[in-house]
Colleague: 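Right, I'll just put the structure down here and ask away after.
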Amino acid sequence: MKLIIKSSIALGFVVAGIFVFSTAETQATGLTAAEMSSPRSLFVQNCARCHGSNGRSETKEGRRLEADDLTTSDAKDLSEARVKRVITNGRGKMPGFGKKLTAAQIAQIAGYIRSL
């Protein structure tokens, strides 16, 4: 009986800890767990530094590196496969993200870029 009570208390602490940690992470990032993996949030986390959160490359870093404006017709004319290759391998001054992101995440970002 004592073992069951101790186990229940320990399990309660573990569950409470997980809840507190996940709540703290959500508050720190301002994003929910679903948003953290949404195409837009992936784009913002990985691309917005240079391309801006709106894709127009109006950031200081974007202007300095002459990052492409992803909302132009030139960017829209690229096939989704080409966009995925650029994200994966990089191009010019842009680093590749193939080792940082999964193929599914790269596909989500490519789809989001084409929707800008």
Side-chain angles (χ1 to χ4, degrees):
M1 185 67 168
K2 287 183 182 183
L3 180 60
I4 293 173
I5 293 172
K6 287 181 182 179
S7 297
S8 296
I9 291 171
L11 180 61
F13 279 115
V14 169
V15 170
I18 291 170
F19 175 76
V20 168
F21 176 74
S22 66
T23 302
E25 184 177 348
T26 299
Q27 290 173 349
T29 62
L31 300 172
T32 66
E35 290 170 330
M36 289 174 74
S37 63
S38 75
R40 175 169 167 56
S41 65
L42 286 169
F43 177 84
V44 169
Q45 292 167 5
N46 296 285
C47 311
R49 178 175 178 204
C50 298
H51 292 286
S53 61
N54 60 5
R56 296 178 193 256
S57 304
E58 297 169 338
T59 66
K60 182 178 179 181
E61 191 71 6
R63 286 189 298 272
R64 184 180 76 74
L65 295 172
E66 299 175 354
D68 291 341
D69 179 342
L70 302 176
T71 64
T72 65
S73 61
D74 290 341
K76 300 278 188 203
D77 290 340
L78 296 175
S79 69
E80 188 165 342
R82 174 76 174 135
V83 174
K84 288 178 189 178
R85 278 195 306 276
V86 170
I87 296 168
T88 301
N89 303 319
R91 186 178 85 190
K93 297 175 185 173
M94 179 182 150
F97 289 86
K99 293 184 179 177
K100 180 180 179 187
L101 300 171
T102 66
Q105 290 171 319
I106 290 170
Q108 286 181 298
I109 292 171
Y112 179 77
I113 288 170
R114 293 178 55 76
S115 75
L116 292 173

Colleague: Tell me the closest heavy-atom pair linking Pro39 and Tyr112, and the distance in Å.
Modeller: CB-CB, 3.8 Å
Colleague: Quick one: which residue pairs count as a side-chain hydrogen bond (donor to acceptor under 3.5 Å, both in side chains) with a foot in residues 86-96, not counting sequence neighbours?
Modeller: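 Listed once each, the pairs are Asp68-Arg91.
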Colleague: Taking all atoms of both residues into account, what is the closest heavy-atom pair of Ile113 and Val83, and its distance?
Modeller: CD1-CG1, 4.2 Å
Colleague: On a heavy-atom basis, which atom in Phe43 and which in Gly52 lie closest, and how many Å separate them?
Modeller: CE2-O, 3.2 Å
Colleague: At their closest point, which heavy atom of Cys50 faces which heavy atom of Ala67, and how far apart are they?
Modeller: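 Closest pair (atom of Cys50, atom of Ala67, distance): O-CB, 3.9 Å.
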Colleague: Do any pairs count as a side-chain hydrogen bond (donor to acceptor under 3.5 Å, both in side chains) and have a residue in residues 97-110, sequence neighbours left out, and if so which ones?
Modeller: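 The answer is Asn46-Lys100, Thr102-Gln105.
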Colleague: So, the side chain of Thr59 versus the backbone of Arg49: is there a donor-acceptor pair under 3.5 Å, distance only?
Modeller: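 Present.
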Colleague: Between the main-chain N or O of Leu70 and the side-chain N or O of Arg56, is there a donor-acceptor pair closer than 3.5 Å?
Modeller: no
Colleague: When you measure from the side chain of Arg82 to the backbone N and O of Asp77, does any donor-acceptor pair fall under 3.5 Å?
Modeller: no
Colleague: Nearest 0.5 Å please: distance from the CE atom of Met94 over to the CG atom of Leu65.
Modeller: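 The CG atom of Leu65 is 11.5 Å from CE of Met94, to the nearest 0.5 Å.
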Colleague: First locate atom OG1 of Thr71, then atom CD of Glu58, and finally report the distance between them rounded to the nearest 0.5 Å.
Modeller: 8.0 Å
Colleague: Provide the closest heavy-atom pair for Ile87 versus Ala110 in the form atom of the first, atom of the second, distance.
Modeller: CD1-N, 3.9 Å
Colleague: Please find the pair of heavy atoms, one from Glu80 and one from Gly111, that lie closest to each other, and give the distance.
Modeller: OE2-N, 4.3 Å
Colleague: To the nearest 0.5 Å, what is the distance between NE2 (His51) and CD (Glu61)?
Modeller: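 Output value for this atom pair is 11.0 Å.
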